[in-house]
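Dumping the structure here so I can ask a few things about it.
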Amino acid sequence: MKLMEQKVSKHERSLFSSLKLVLLSNGSDIMSLHPGSDIHSDVRLSKNDFKKVLASEGVEFLISSDRKNDDVTTTCLFFSANWCRPCQAFLPHLVQVYHSLINAGERLEVIFISFDRDEDSFNEHFKSMPWLAVPFNVHLHKKISSHFNVFHIPTLLPLSIDGKSPVEENAVDLIEDYGADAFPFTRERREQLKAMDDEQRKRGKIEELLASGKSSYLVSKDGSKVLVSELIGKTIGLYFGAYWCPPSRIFTTQLIDAYNELITNNSTPFEVIFISTDRDHDEFDNSLSTMPWLAVPYEDKTRQDLKRIFKIKGIPALVLIAADGKLISANGRALVSAYGGSAFPFTEASVGELETALRKEGENLPQVVKYANHEHELKLEMAKAYMCDACGTRGKFWAFTCDACNYDLHPSCLERSSA
C-alpha cells in the first residue's frame, strides 16, 4: 500500500482523474441522502462539490492501493476510524463484499475518509483496505464529513452517478444484511431485496429457508447431519438464541420440556431448529450441547438470512411454521411459555380449544381449599409454571396457592390427599 502525499505518481493521478470522471460527469447533479435524514428527502450535490472540498485544501490526488481500477461507475465514501470497534467489525465484511463484486466484474470504487486522530492510526487502518483514501488531514476530513452530514461511523455513503437514482443514506446495514447482493446500494435495490424476503417468508418452504446457504443439512449436538428435506411435512420451530444470553438459557429449558412432551408421542410431527446468534463457534457448541434438537451449522450464512427474513430484533425468539409452510406465529416464545406443548400445533384454533378446556377445568375445581399438610388457606389460581411444594415436581395451568407464604399445590396432589 503506497502512502504518498507529496510526490504524486502517474498511477495515482490516473486514478484520481478516473474518479473525477466518475464523480463529476454524467449529469449536472450528484444525489446523496444525508445520514439521519428522512429517506424521502433527496439532497442534491452539484457535480463539483466533492472536487471543490478537496481542492480547497490543496488535494490533487487520492492514495491508492497497487490495484488499478480506472473503469469505475459506482463510488462510495467510507467514513471509518481505527479506534472504532464497530468500524473494525464491519471492515472485514466490506472488504469481502468489495473483492466479491470486483471479481464479478462490477465497476466499484470505495474512498476511505478517516475519522482517526493521528496519521499512524490512519495508516494502520488503511493498510487493510484494497481501495482508495483521501490523504490524512483532520481538517479536510471534518470538512468532508460535515459537507455530507456524516455524524456517526461506520458510514458507507454511495454516490449516485446519474443524479436521479435514489441511493442509500448509509449502506452499512444494507451490506450487513445482504452482503454483495446489496449492490448497487440503491433504495430500489433495498426494496427489491425486502420484497424477496417477504415473498420467501410468505411461502415458508422449509427447504428454501434452511437450504439457501452453503449446506443442505442440519447438525445435532453429537455431530450427525440431517438433510433439510427430511423435515418437510413437519411443524417447525425456528429458535433464535445464544449461550451468552441468560433469557435464552431460561427459555431453552422451557422449550426442552415442551419438545420432550411432544416427541414422546412419536406421531407428533414437530421439530425445533436452533438458529444461533452466538459470538463464536465455541459458544455455539456450548448452546447446542444442551439441546435435543437440530441446528443450522454455525458457518452457514443461512443463520443471518433467517434473522433478516423474520425480522428478529431480540432473543430468545421462536418462529413457528406450519407443515404447509404458512407462518403460525412470530411469537412462539409466548405460546410455549404459557402453554408448553399442550397447544400444539400452536394455531389460533388449537390455542382457543386449549383455553376453553382450561376454563372448564378451572370451573370444576374448588376456589378455596384447606390442605392437611399446610396451615394456611389455599386459593385456586392460573399459573404458567410452578413447582409443587407437596410433590416437588413442576406444574402448570392451575395451582392452589398460599398468599401468605407462596406455597403451591398441584390439584392432583390435593385430590390424592382427599382420597
Side-chain angles (χ1 to χ4, degrees), residues 1-3 35 62-69 72 74-134 136 141 145 150 152-159 168-185 189-190 193 212-215 242-244 275-285 296-309 312:
M1 190 76 71
K2 294 178 292 184
L3 302 179
L62 300 176
I63 300 171
S64 75
S65 66
D66 291 332
R67 183 194 56 74
K68 187 174 181 180
N69 186 22
V72 175
T74 300
T75 302
C76 298
L77 305 183
F78 179 44
F79 299 83
S80 182
N82 196 51
W83 52 261
C84 169
R85 288 187 179 181
C87 297
Q88 292 282 7
F90 176 67
L91 180 57
H93 194 183
L94 181 58
V95 170
Q96 182 181 23
V97 167
Y98 181 81
H99 283 310
S100 176
L101 290 170
I102 294 299
N103 292 337
E106 299 294 353
R107 295 177 291 176
L108 167 70
E109 194 52 88
V110 176
I111 303 173
F112 169 45
I113 300 167
S114 173
F115 269 55
D116 286 300
R117 303 179 181 101
D118 58 75
E119 191 165 4
D120 287 343
S121 297
F122 164 82
N123 291 339
E124 179 66 24
H125 201 33
F126 183 47
K127 72 181 183 181
S128 59
M129 300 179 189
W131 44 72
L132 304 172
V134 173
F136 182 76
H141 297 167
S145 60
V150 175
H152 68 277
I153 54 176
T155 288
L156 186 71
L157 190 65
L159 299 178
E168 282 294 301
E169 70 275 21
N170 187 354
V172 169
D173 289 343
L174 186 62
I175 287 176
E176 287 181 335
D177 283 343
Y178 296 101
D181 290 339
F183 188 78
F185 316 127
R189 181 57 179 160
R190 178 187 283 275
L193 293 168
S212 60
K214 296 180 180 179
S215 305
Y243 183 77
W244 55 262
I275 317 297
S276 170
T277 56
D278 289 300
R279 294 169 290 197
D280 55 48
H281 210 299
D282 287 341
E283 285 190 354
F284 167 74
D285 290 339
V296 172
Y298 186 77
E299 60 277 5
D300 195 329
K301 69 179 286 291
T302 299
R303 295 188 303 113
Q304 288 76 26
D305 292 342
L306 291 171
K307 278 180 59 182
R308 184 192 70 243
I309 290 170
I312 303 301

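Side chains are part of it too, since the values below use all heavy atoms of this structure and drop only hydrogens, waters and symmetry mates.
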query: Do you know which two heavy atoms are closest between Pro86 and Pro154, and how far apart they sit?
result: CB-CD, 3.9 Å

message: Between Trp83 and Ile153, is there a side-chain heavy-atom distance shorter than 4.5 Å?
response: yes

- prompt: For the atom pair OG (Ser80) and CG (Asp116), what is the distance rounded to the nearest 0.5 Å?
  reply: 7.5 Å

query: Can you tell me how far the CZ atom of Phe126 sits from the OG atom of Ser114, to the nearest 0.5 Å?
result: 10.5 Å

query: Roughly how far, to the nearest 0.5 Å, is the CG atom of Leu94 from the NE2 atom of His99?
result: 10.0 Å

statement: CG (Leu306) and NZ (Lys301) are apart, to the nearest 0.5 Å, by 9.5 Å

query: Taking the side chain from Ser145 and the backbone from His141, do they hold a donor-acceptor pair closer than 3.5 Å?
result: yes

- prompt: Do Leu108 and Cys76 come close enough that some side-chain heavy atom pair is under 4.5 Å?
  reply: yes

message: Using the salt bridge (charged side-chain N to carboxylate O under 4.0 Å, His left out) criterion, which residues pair with Glu283? Sequence neighbours excluded.
response: Arg279

task: Using the six-membered ring wherever Trp is involved, compare the ring planes of His125 and Phe112 and label them parallel, tilted or perpendicular (cut-offs 30° and 60°).
output: perpendicular

query: Asp118: what forms a side chain to side chain contact (heavy atoms under 4.5 Å, CB included) with it, not counting sequence neighbours?
result: Asp120, Ser121

Asn170 and His152, any side-chain heavy atoms less than 4.5 Å apart: yes

- request: For Arg189 and Asp181, work out which heavy atoms get closest and say how close.
  value: NE-O, 2.8 Å

- line: Contacts of Glu124 meeting side chain to side chain contact (heavy atoms under 4.5 Å, CB included) (sequence neighbours excluded), chain-then-number -> Asn82, Lys127

- prompt: Between Tyr298 (side chain) and Asp278 (backbone), is there a donor-acceptor pair under 3.5 Å?
  reply: yes

task: Determine, stepwise, if the pair Leu91 / Phe78 fulfils side chain to side chain contact (heavy atoms under 4.5 Å, CB included).
output: CA-CA 10 Å; Leu91 180 57; Phe78 179 44; 4.0 Å; yes

field: Under the side chain to side chain donor-acceptor pair (under 3.5 Å) test, residues paired with Arg303 that sit two or more places apart
entry: none

query: Can you name the closest pair of heavy atoms from Leu174 and Ala182 and give their distance?
result: CG-CB, 3.5 Å

message: Once side chain to side chain contact (heavy atoms under 4.5 Å, CB included) is applied, do any residues pair with Arg308, and if so which ones, sequence neighbours excluded?
response: Asp177, Tyr178, Asp197, Asp305

message: Could you tell me if the side chain of Pro130 sits less than 4.5 Å from the side chain of Val95, heavy atoms only?
response: yes

task: With side chain to side chain contact (heavy atoms under 4.5 Å, CB included) as the test, would you mind laying out the steps for Glu109 and Leu132 before giving the verdict?
output: CA-CA 8 Å; Glu109 194 52 88; Leu132 304 172; 3.6 Å; yes

task: Could you grab the distance from atom CZ of Phe284 to atom OG1 of Thr277, nearest 0.5 Å is fine?
output: 11.5 Å

statement: Ala89 meets the side chain to side chain contact (heavy atoms under 4.5 Å, CB included) criterion, sequence neighbours left out, with none

message: A quick test of your reading: do over 12 heavy atoms of other residues, nucleotides or ligands sit less than 6.0 Å from CZ of Phe90?
response: yes

- prompt: In Å and rounded to the nearest 0.5 Å, what is the NZ to OG1 distance from Lys307 to Thr302?
  reply: 13.5 Å

field: Results of side chain to side chain donor-acceptor pair (under 3.5 Å) for Asp285 - residues two or more places apart only
entry: His281

